[in-house]
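So you know, we letter chains A, B, ... as the sequences are listed, proteins then strands, and number each from 1. Values reported hereafter were calculated over all heavy atoms of this structure, with side chains retained and with hydrogens, waters and symmetry mates removed.
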4 protein chains.
Amino acid sequence: MAPDPSLHLPGHPPGHLHDKRERILDAAQKVFSEKGFYNATVEEIADLASIGKGTVYLYFKSKVEILVSLIESRIKEIKALILQESRRPTTVGERVRNIITMQFSFYSLYKDFLKVFLSEIGEISGEFGQRLARARADLIETIDDILKSEIEKGNLREFASRIIAYALMGATNAVAFEWLVKENKDPDEECISQLCDFCLYGIAGAPPRHERLFKEAI
Amino acid sequence: MAPDPSLHLPGHPPGHLHDKRERILDAAQKVFSEKGFYNATVEEIADLASIGKGTVYLYFKSKVEILVSLIESRIKEIKALILQESRRPTTVGERVRNIITMQFSFYSLYKDFLKVFLSEIGEISGEFGQRLARARADLIETIDDILKSEIEKGNLREFASRIIAYALMGATNAVAFEWLVKENKDPDEECISQLCDFCLYGIAGAPPRHERLFKEAI
Amino acid sequence: MAPDPSLHLPGHPPGHLHDKRERILDAAQKVFSEKGFYNATVEEIADLASIGKGTVYLYFKSKVEILVSLIESRIKEIKALILQESRRPTTVGERVRNIITMQFSFYSLYKDFLKVFLSEIGEISGEFGQRLARARADLIETIDDILKSEIEKGNLREFASRIIAYALMGATNAVAFEWLVKENKDPDEECISQLCDFCLYGIAGAPPRHERLFKEAI
Amino acid sequence: MAPDPSLHLPGHPPGHLHDKRERILDAAQKVFSEKGFYNATVEEIADLASIGKGTVYLYFKSKVEILVSLIESRIKEIKALILQESRRPTTVGERVRNIITMQFSFYSLYKDFLKVFLSEIGEISGEFGQRLARARADLIETIDDILKSEIEKGNLREFASRIIAYALMGATNAVAFEWLVKENKDPDEECISQLCDFCLYGIAGAPPRHERLFKEAI
DNA sequence: AATGAATGAGTCTTCATTCAT
DNA sequence: GATGAATGAAGACTCATTCAT
């Protein structure tokens, strides 16, 4: 059973944002998502945030600073949620399901962010590119740590946790992107369930049982 | 055992490119990869292809046309290779391994392309964005078809193949990107093996064995 | 013998500035001198004057008003000093030397002003440009009057005093700028003496033979 | 007797400028002169040169590069003319007169340049400021060398030539600026003569006694 | 076909100035 | 009076694209 995401997700729904910095980030998220970073203009972001163009620069040094701050900020949020979920006492299977489900809920709330997050892999370089890479690595490490801990406890089969952390993240993001962003659907029990099964059997599966597969010629 | 990628990969090694169009695509791949689409300039691409800036426009209508053509072209190649691999008679397990291994070999040869491919998810919109989406969808469908066929034959457990196609592709791309592009390593037996195990148990895994997991409280 | 400049120079040493308007002018002088008028920002000036940015506008209508007021104010000071010096009873030669020496002392105290004064010849136009031109012309006229009077008294040869007033001022400013601002040296007896000789006798005239001038009291 | 300036001045009168780089410099000279460097816009310069805004950047890296190139280029011209004049065999007095007269002719042709030259003393800093300073210093050194040589030959009294080089330049520029730029008059025999007398004999020196100088051929 | 000089639309960014507190 | 957050006008500069050669 999936956890109720609304209970854990950050408490600043649109319309309740008194903080101007947050208003800018929210506007940027939307505009970057719609047009991509380079086709978005600072003026558009300012307009959407209902502030003057110059005001943006009181809160962020540059356009790319907005992007990086946005991603860092959201990744920090989702990382916290994942950690929280990972500590809830339950079975491994349930725990993995909860984490994946929670990510779907988060991405569902921040559909725009998911698109931005996945789009800016190669566009930004230099100092800011490094900050982005660090944020990404931070998230992967969180997953990695959880996997390691479960393997240690014998709850999961032995595998190279860091590689699989990337695989898990890649699988989840790809499905979430397709489902939530491209097809713009709501998080769907069946879809999540399919993804969870794939991931779980992948990380929990018993190799010996599968040797069989390699003997069935086709 | 992994297939020898060199036997199957496209036959236009550098230095053998008579076609100017291909020279442009190759140059664009490198430049886009290094700087990102928006920070790359047509002049750089032309310089790298050793042709005049104006000449580029004899072969491509616009800069974004180069990007889209590049991705379409490479996806067509990799799709053909996947199909080829999928038809080789062997066990399912071996077949999946071969396909994944082959993708690693391809991406290893076209590291630059992998970066470009993953970077431009959200940057391009309009007509060209649609062409990119179609190319991506085409590749997914190829995977989907293979999965469907294996499920039908009873070689894999039942699952929603399209969703899992995204998951597989996402997992593979994420690992390949991290391994080949970010850390710039060569394709590595162990890494590929880890990824294959994850994917195989994921798609072939036996649910019964896992029910257990959900009973182990922690 | 050079006059003691400290005796004649304006009486508002730093630290004793109660007037906020004066604080702004002093800060502006420094900032304009360091960065030039257009690269200076009102905020910097306000910061240096330890007041709020908005407060500046309580004392000056605009940034250019600060510049013009500064120059008008300093020119008024130096004009007064020149007049004062011109009235001290002594020989013409000594009087000219005293005036030039006094200018050096003034510029030495207000190095920053000298740079500002010489830099803004062409940058400001319109109403403010006219105010600057008037201030400059006022200073020239003061010199002109002194020259005229000395010529009348037969203390100097006959020449077109207004033209030579410009020449004198140009020569003095150029040397003072190079010496005090560019090379940041202290006023130097020898340097001033060289300049005075030049002004009095030119490059071909024979100073020794003119000692006579210094014996004619007035 | 003043030399015929038209014979020595550079041979590219307006309207005969085929070179685009020169067209830009000429346009910049005019625009910078009218509005000052910071109030001039690149677009204005381009318009006046009848080229596109972007074209300017094919010839100059930046706006400030235009200014510095302009000043460097003009100073090189005037320096060559001064040297040329300094080598013509005649008396010292005549030579000095010729040099000053020639400067007036040059500035008369390039009134706009004179204003630009005098205006940008303090506005430009960094690398470009240094290039400007070097150009200025180069011109001063040329004068300095001539003075030194004449002193050596005993044609002029002994003085610190470098200081007086600044004084001479300052006096000439100040008078030229007032006469040619501010009052927009043509070079005037009487005005130049007054300035020359001042430079040669100062305000106290006795011109008649020096007639001798004009009889010493060299 | 091939070229690259020329173009100008488009955007980030700065900063003087205002005004609500 | 003092303040500094907010503003938006303005301009340098880039670069995809064109076109005369």
Side-chain angles (χ1 to χ4, degrees), chain A residues 20-21 23-24 35 37-47 49-67, chain B residues 20-21 23-24 35 37-47 49-67, chain C residues 20-21 24 35 37-47 49-67, chain D residues 20-21 23-24 31 35 37-47 49-67:
Chain A
K20 216 163 279 193
R21 192 174 191 275
R23 280 236 304 276
I24 296 170
K35 313 236 180 166
F37 176 71
Y38 282 99
N39 287 315
T41 71
V42 173
E43 188 156 29
E44 239 176 325
I45 295 172
D47 285 352
S50 305
I51 58 172
K53 199 187 345 176
T55 309
V56 172
Y57 288 87
L58 295 180
Y59 295 89
F60 298 93
K61 273 206 282 280
S62 66
K63 186 186 173 190
V64 72
E65 249 271 332
I66 305 176
L67 175 70
Chain B
K20 217 166 273 192
R21 191 173 192 278
R23 283 233 305 274
I24 296 171
K35 314 233 181 165
F37 177 71
Y38 281 98
N39 288 313
T41 70
V42 173
E43 189 157 28
E44 267 176 308
I45 295 172
D47 285 353
S50 305
I51 59 171
K53 201 190 339 179
T55 310
V56 171
Y57 287 85
L58 297 178
Y59 293 89
F60 298 93
K61 271 206 283 281
S62 67
K63 185 187 175 189
V64 72
E65 248 272 329
I66 304 176
L67 175 71
Chain C
K20 219 167 274 193
R21 192 173 191 278
I24 295 171
K35 313 231 180 169
F37 178 71
Y38 282 98
N39 289 313
T41 69
V42 173
E43 189 157 28
E44 268 175 309
I45 295 172
D47 285 353
S50 306
I51 58 170
K53 200 188 341 176
T55 311
V56 172
Y57 288 85
L58 296 178
Y59 294 89
F60 298 93
K61 270 207 285 280
S62 66
K63 185 186 174 190
V64 73
E65 249 271 331
I66 304 176
L67 175 71
Chain D
K20 215 162 280 191
R21 191 173 192 277
R23 280 235 304 277
I24 296 170
V31 178
K35 314 235 180 166
F37 177 71
Y38 281 99
N39 287 315
T41 72
V42 173
E43 189 157 26
E44 238 175 326
I45 296 172
D47 284 352
S50 305
I51 57 172
K53 195 189 349 174
T55 309
V56 172
Y57 289 87
L58 296 179
Y59 294 88
F60 298 94
K61 274 206 282 281
S62 64
K63 186 187 173 189
V64 72
E65 249 272 331
I66 304 177
L67 175 71

Kindly say if D:K61 contacts the phosphate of F:dC13, meaning a side-chain N or O under 4.0 Å from OP1 or OP2. no

By nearest-nucleotide position on DNA chain F, the 5'-leaning member of D:F37 and B:V64 is D:F37

Whole Å only: how far is the CZ atom of B:R21 from the C1' atom of E:dA2? 18 Å

Give the rounded distance in Å between these two atoms: CG of B:N39 and P of F:dC15. 8 Å

In whole angstrom, what separates C:I45's CD1 from F:dG4's P? 16 Å

Taking the nucleotide of DNA chain F with the nearest heavy atom to each, does A:S50 or C:G52 sit closer to the 5' end? C:G52

For residues B:F37 and B:V64, determine if any side-chain heavy atom of one lies less than 4.5 Å from a side-chain heavy atom of the other. yes

Using atom CG of C:D47 as one end and atom C1' of F:dA2 as the other, report the distance to the nearest whole Å. 14 Å

Of the listed E:dC12, F:dA12, E:dA16, the closest approach to the D:Y57 side chain comes from F:dA12

Rounded distance (Å) that lies between atom C1' of E:dC12 and atom CG of A:L67: 15 Å

With side chain to side chain contact (heavy atoms under 4.5 Å, CB included) as the test, would you mind laying out the steps for B:Y38 and A:N39 before giving the verdict? CA-CA 9 Å; B:Y38 281 98; A:N39 287 315; 2.6 Å; yes

Just the rounded figure in Å: distance from P of F:dC13 to CD of D:E44. 15 Å

Distance, rounded to the nearest Å, where A:F60 contributes CZ and E:dT11 contributes C1': 19 Å

Base, sugar-phosphate or nothing for A:A46? Non-hydrogen atoms, less than 4.0 Å. nothing

Could you please name the partner base of F:dA20, counting Watson-Crick and G-U wobble pairs only when both distances are under 3.5 Å? E:dT3

With a cut-off of less than 4.0 Å, is there a side-chain N or O of B:S62 near OP1 or OP2 of F:dA16? no

Does B:Y59 reach a base, just sugar-phosphate, or nothing at all? Heavy atoms under 4.0 Å. sugar-phosphate

Donor-acceptor pair under 3.5 Å, D:K53 side chain vs E:dT7 base: no

Work out which heavy atom in B:V56 is nearest to a heavy atom in B:I24; give both atom names and the distance. CA-CD1, 4.0 Å

Indicate yes or no for a side-chain donor-acceptor contact from C:K35 to the backbone of C:T41 under 3.5 Å, with no hydrogens or angles considered. no

Taking the nucleotide of DNA chain E with the nearest heavy atom to each, does B:G54 or C:E43 sit closer to the 5' end? B:G54

Taking the minimum atom-to-atom distance to the side chain of C:V42, which one of F:dA6, E:dA16, E:dT7 wins? E:dA16

Could you pick out which residue, D:L58 or A:A40, lies toward the 5' side of DNA chain E when each is mapped onto its nearest nucleotide? D:L58

Minimum heavy-atom distance A:K53-A:A46, with the two atoms named: CA-CB, 3.7 Å

E:dT11, OP1 or OP2 - any side-chain N/O from A:T41 closer than 4.0 Å? no

By the 4.0 Å heavy-atom rule, please label B:K63 as base, sugar-phosphate, or nothing. sugar-phosphate

Under 4.0 Å between a side-chain N/O of C:K20 and OP1 or OP2 of F:dA2, yes or no? yes

Complementary nucleotide of F:dG8, counting Watson-Crick and G-U pairs under 3.5 Å: E:dC15

From OH of C:Y38 over to P of F:dA12, roughly how many Å is that when rounded to an integer? 13 Å

Going by heavy atoms in the side chains, are D:L67 and D:K63 under 4.5 Å from each other? no

